[in-house]
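Following: one structure in structure tokens, then a few remarks.
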Amino acid sequence: MASPKRFLRVIAGLLLTLIMATGAAAQVEDQLSNYSVDNATGYLQPLADGIGADLNSGLFHSAHIPKMGMYLRFEVRVMSARFGDDDKTFEATTEGDFLPQKTAETSTVVGPGDATTVPGQAGTSFIFPGGFDIGAFTLATPQLRVGSYMGTEALIRYIALDVGDVELGNISLFGFGLRHSISQYMSPTFPIELAGGFFWQSFKIGENAAGDDLMKSSALSIGVQASKRFASGILFIEPYTGLSLDRFSMEVAYESDAAGEDAEAIDLDFGTESSVRFTAGLALNLPAINGHVEYSLASQSSFSFGVSIGN
Amino acid sequence: MKKISGMVLILLLVFVVMGGVSCILEDKVIEIVLTGTTCATFHENEDSENFTTPETLDYGDEIEDILADNGISRDDIVSAVVVGGMYTVTAFSHTHDWTCSGEITVRRDAGPDMTLIEYTSVSLMATLGVDVTADLEPGGVTILDDALQDFLAGANPVLTFTVVSETGDVDPDPSPSDPLVFDWKACITIHVTMDEDFEGPA
């Protein structure tokens, strides 16, 4: 495996990315302040899709759950959802006092950084803000896996970063889930391991002008997993797969200046999106350490890898 | 065992490459846009339909206030444009309605008055508390735009907005026994852009 120093550098870099993402939340709020509901929804939609894809990734790397016996595994998972060209722009409509009303193709939050200017009547102009030119939304999170009682294990995700700046706000992720071994009810000769379970998460980024959460989202994944171990001495590799039904919802609360002199409080609700996710991955197991890499096919596909340390 | 070692090597490479890729951060420049609104308020107390009501606005100070609210300074701004305008009646307590036509002109320092907004047959009762998007006139917008560009260049432009009402513009005619009394305001919306450095994932 990679050296611990190298691994720590990678994790430190990813955490730094998260902190900077929190800092970017203040800039996102600036850009959003030019938009009311419809434009803001189009502007943020790719980010909502990326967060949903990342949250529902990296929840397992094996279907093997012992019937009994205590184990405790500390894991770090990195999830990344790449954005396509279609995610970079959206059809926006001019707002406020601008005449005549026009539509234009302009940047989403992950699109190019350039603003788009539209000419109006009598020499006026409307400027749509730029995006943050992001190729992928990447999330790194520590998680703890605890088992097993009656073939059941628990998984807890938690990260909370206070960047020490009231304007920038905080970032927090909490998740909890259970998985249960299905294999224990089947014949010992059954060729693969099977498990099923659920995982719920709450993810919050940034703080708006009113002191509330800028973005808050929740995700729920219910699914089944299968894996098979191929052993050789103390090493074994384990291909695994999973099929899940994912649900994701996101709300954004900010103040919009689009309507005129007085700021308008906007509560943006992206509703609840449901999608089916198919995951295929490969785990490498050594005594007390496990590395794994996987790809998930869904409405927003994602890549994930991670390391698990423990007995 | 050789196969397993091969798998270890491949997995290690995947880890290192993905870890490296994830940690590559790029310096980027994003164009931040801020929306600001400046308003001129007018108090009318007229016993004739022929009147002018001037309101002087320190446009530079108004824009400085908008920038200060957003934590930026004049030097941060790359460009500023006029987006549009609106007007609304803020106080009106008559028992009967009035219909007004007329214009709002804008003048920079001792320059000529140019028409910024023309309004026709506006019901004061119907406009009370309602934002009406204004059709702006090119001459007035040019003065505002020039003032914005001069502000960016370091000047502090002062603008005078004037309500002009002439014969036939107010119905019914105001009189000493039934004066036209109301408050209203006209607002101009601007967009300012600034470049902001952003270090983010590739």
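Keep in mind the model is a prediction, meaning the values are calculated, not measured.
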Discussion item. Applying the side-chain contact (heavy atoms from CB on, under 4.5 Å) criterion to A:Asp97, which one of B:Val132, B:Leu136, B:Val83, B:Thr133 satisfies it?
Written reply: B:Thr133

Worksheet item: Do any N or O atoms from the side chain of B:Lys28 and from the backbone of A:Asp133 form a donor-acceptor pair under 3.5 angstrom?
Response: yes

Worksheet item: Are more than 12 heavy atoms from other residues, nucleotides or ligands located less than 6.0 Å from atom CG of A:Asp38?
Response: no

Worksheet item: Can you pull out the residues in residues 31-54 of chain B with any heavy atom less than 4.5 Å from chain A?
Response: B:Glu31, B:Ile32, B:Val33, B:Leu34, B:Thr35, B:Thr37, B:Cys39

Discussion item. At a 4.5 Å cut-off on heavy atoms, which part of B:Glu196 comes close to chain A: side chain, backbone, both, or neither?
Written reply: side chain

Show me, pair by pair, the donor-acceptor contacts under 3.5 angstrom made by side chains of residues 123-132 of chain A, not counting sequence neighbours?
residue  : atom : partner  : partner atom : Å
A:Thr124 : OG1  : A:Gln121 : N            : 3.4
A:Thr124 : OG1  : A:Gln121 : O            : 2.7

Discussion item. For the CG atom of B:Asn70 and the OG atom of A:Ser33, what is their distance to the nearest 0.5 Å?
Written reply: 6.5 Å

Worksheet entry | Those residues of residues 84-117 of chain B, ordered by number, that approach chain A below 4.5 Å (heavy atom to heavy atom) | B:Gly84, B:Gly85, B:Met86

Response to the item:
Heaviest contributor of heavy-atom pairs below 4.5 Å to chain B, chosen from A:Leu99, A:Thr117, A:Thr94, is A:Leu99

Practice prompt. Not counting sequence neighbours, which residues clear salt bridge (Lys or Arg N to Asp or Glu O under 4.0 Å) with A:Lys88? List them please.
Written response: none

Item to complete: Name the option with the most non-hydrogen atom pairs under 4.5 Å to chain A; the candidates are B:Asp135, B:Asp131, B:Thr193, B:Thr189.
Response: B:Asp135

